[in-house]
2 protein chains.
Amino acid sequence: MVTIKDVAKATGVSPSTVSRVIADNPRISLDTKKKVRKAMKTLGYHPNINARNLAVKSTKSIGVIMPSSANKALQNPFFPEILRGIGSVIHDVQYSMSLSTGETEEEIFEEVQRMVYGSYVDGVILLYSRVNDRVTSFLRERDFPFVVVGKPYDDINEVTHVDNDNYKAGQEITKHLIELGHKKIAFIGGSKDLFVTMDREAGYEAVLNEAGLENCEDYKVHTEFLKSGGREAVERLLFLDTPPTGMVVSDDLMSLGVLSTLEELGYSVPKDISLVSFNNVYLSEITRPALTTVDVQIHTLGAQSAKALIEKTQNKSEPAKRIIIPHKIVYRDSVSRRGTL
Amino acid sequence: MVTIKDVAKATGVSPSTVSRVIADNPRISLDTKKKVRKAMKTLGYHPNINARNLAVKSTKSIGVIMPSSANKALQNPFFPEILRGIGSVIHDVQYSMSLSTGETEEEIFEEVQRMVYGSYVDGVILLYSRVNDRVTSFLRERDFPFVVVGKPYDDINEVTHVDNDNYKAGQEITKHLIELGHKKIAFIGGSKDLFVTMDREAGYEAVLNEAGLENCEDYKVHTEFLKSGGREAVERLLFLDTPPTGMVVSDDLMSLGVLSTLEELGYSVPKDISLVSFNNVYLSEITRPALTTVDVQIHTLGAQSAKALIEKTQNKSEPAKRIIIPHKIVYRDSVSRRGTL
DNA sequence: CTGTTAGCGCCTTCAG
DNA sequence: CTGAAGGCGCTAACAG
């Protein structure tokens, strides 16, 4: 390994000078800088990160914590996409990202501990948000920089997070259905203790009430990440006395399952039933029919969270922020107009 | 930050003793070990990774390089799943993983350089394999430990890789179609310079020839990652004089697109056309119809690659290996028997 | 069984 | 503008 000393020797200067050249210190003459840089190049010098980190007590690396992967949720294309978003800014500022790998909540917690105690990373991005989360408490106690993607459960004003306005999104997409003449609209969401679900659902309800439409519990189903297309959930809806004509599904991947079940049961989308959902991952444009869905700009979500985190690591007194990424509805083919009945 | 010295002072021993306790060195008396451990606990000591890395010249961290994300391919659920696989072993051995984030080939190359030159990682897992890849050459030149998931292009015997027997898988799945009476079978694959595609296709061809079935170029289409369901590709197939009755598609996500296009054009799967594919990601069980696909055990692919890499970093003279992960066909509903025509 | 000493490669005062 | 010296936190001989 070629070190700073080798470069120094080759150039006939001192190691500290070389160090200063690396930092592009203005008090070094252009001449020596050039000399040194040339030597670095020919010798193939590259700074040793660990040594630098040790010296400056920073790692220029951030940790990304995925939700526990007990279920299939991780196969949601949402994740690679958000990683890309994070990656894009990470790359620009020459940081690196360290991915959590735990399967269980316990494992994840251990890993976060290692990350912060071991000075692996300068900050952490949480790709989930859960009630009573040990990780969050831990991070807050230690006053360790972190941001969450989504809506934090506790002390929402004190943890910076980047999120969509899921309430509004829920309203808009539901309104879209109503404007097309739908009066019986159901909501299919994931686990009830996910804020995304709750917010989107709240928006849905608000619009229903406002429009004076039926807003009954029967029309709302929550299922764990959909196994076998969430068959039971969908069936329950369809076997009601007055089944819905429209469905608001809280995730594209879920929609795929719902779509399948629906058509298997002999319902045609959008002819018999209209369906809208959220996220706009790639697959929502290759389903049949292609999904009308709200684009939450996953990539931006990731990018902004990284940006916010880095700011925070660089300036600890940066105040907690809430960053709302705008969404927009992408109109495709999963909805149709209802004759006024 | 509490350091080894603090612990030493608190316990009344020397720093090196503490260090040895950390390493669980057998030559330290149980008594002092206990004392030291207790002090570590009460003081809240955690080793500083950077310092250790610097001292031992190892990072206990591996880099994971994703393909360039110019296209939508990254939204393939394949990736999160393989990351989970890698993560599972990484976690057990207390390593960490650093994810590449580059969008372009160029960016990726830069990042790999940083990773190896900067001693960020001990080794690297390549999640892709491309002809004439700078990254691969770079790694080989520098004799830096790496493994590739899939089949490497150059010097296949000198780079350890973990892969499926895609040729065989291609044969088996095609044979399945034949056994059900299909005689006109097409192949839809991704880019031709991906070995996965080529291998699967070769298997397909072999079986066709063996069975004395038509193996014409018209039946093979290659498309970049399917935009809008690979409409053109599928159409080309269907508008042939004798359109195929069976299709072998080289990826589940692609299959979804094909499925949509097919049904939009009025063909029913599996009634009119049978379709089989590869990977068995979660969505293949919630499509309509659910896909008969070969399960390539993505998770295992990831886990084994991590395992092989770690072995390699720990023992540089570990020989290059080829690790083949067994596959198996998962029978679902996208195929049907053909009357003998 | 344990302490002392010397680095790992880099950065950062403090002098000059 | 540049050099010398010390230290970041930990490990690894080398002594005892």
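In what follows, chains are A, B, ... by sequence order, proteins preceding strands, each numbered from 1.
Between B:Lys316 and B:Pro145, some side-chain heavy-atom pair lies under the 4.5 Å cut-off. The closest side-chain heavy-atom distance from A:Thr313 to A:Tyr95 is below 4.5 Å. Residues A:Met115 and A:Ile65 meet the side-chain proximity criterion, which asks for heavy atoms closer than 4.5 Å. A:Tyr153 has its side chain out of reach of A:Val148: every pair of non-hydrogen atoms, C-beta onward, lies at least 4.5 Å apart.
Among the atoms of the strands shown, only primed sugar atoms or phosphate atoms (P, OP1, OP2) are found under 4.0 Å from some heavy atom of A:Val13. In this structure, A:Ser16 reaches the bases: a heavy-atom distance under 4.0 Å links it to at least one base atom across the strands shown.
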Using a 3.5 Å cut-off and no angle test, enumerate the donor-acceptor pairs between side-chain atoms of residues 19-27 of chain A and protein atoms at least two apart in sequence or in another chain.
| unit_1 | atom_1 | unit_2 | atom_2 | d |
| --- | --- | --- | --- | --- |
| A:Asp24 | OD1 | A:Lys33 | NZ | 2.9 |
| A:Asp24 | OD1 | A:Arg37 | NH2 | 3.1 |
| A:Asn25 | OD1 | A:Arg27 | N | 2.8 |

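For the atom pair CG of A:Leu99 and CE of A:Met66, the computed distance is 4.5 Å after rounding to the nearest 0.5 Å.
Among residues two or more places apart in sequence or in another chain, the side-chain contact (heavy atoms from CB on, under 4.5 Å) test is passed with A:Asp155 by A:Arg140, A:Glu158.
The environment of B:Lys312 atom NZ is dense: over 12 non-hydrogen atoms of other residues, nucleotides or ligands sit within 6.0 angstrom. Within 6.0 Å of NZ on A:Lys151 lie more than 12 heavy atoms contributed by other residues, nucleotides or ligands. A 6.0 Å sphere centred on NZ of A:Lys5 holds no more than 12 heavy atoms belonging to other residues, nucleotides or ligands.
Ion pair A:Glu111/A:Arg114 not flagged as a salt bridge, since none of the NZ, NE, NH1 or NH2 atoms sits closer than 4.0 Å to an Asp/Glu carboxylate oxygen.
Less than 4.0 Å separates DNA chain C from at least one heavy atom of each of the following residues of residues 26-45 of chain B: B:Arg27, B:Ile28, B:Ser29, B:Thr32. For residues 46-55 of chain B, proximity to DNA chain C is found at B:Leu54, B:Ala55, defined as any non-hydrogen atom under 4.0 angstrom from a strand atom.
Taking the six-membered ring for Trp and thresholds of 30 and 60 degrees, B:Phe138 and B:Tyr117 have ring planes more than 60 degrees apart, a perpendicular arrangement.
The residue among B:Lys57 and B:Gly12 whose nearest nucleotide of DNA chain C lies closer to the 5′ end is B:Gly12.
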Applying side chain to side chain contact (heavy atoms under 4.5 Å, CB included), run through A:Asp163 and A:Arg322 and close with a yes or a no.
CA-CA 8 Å; A:Asp163 198 3; A:Arg322 154 191 310 226; over 6 Å; no
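Protein chain B contacts DNA chain C over a range whose 5' and 3' limits, counting nucleotides with an atom under 4.0 angstrom from a non-hydrogen atom, are C:dC1 to C:dG9. Nucleotides of DNA chain D lying under 4.0 Å from heavy atoms of chain B occupy a range whose first and last members, 5' to 3', are D:dG9 to D:dA13.
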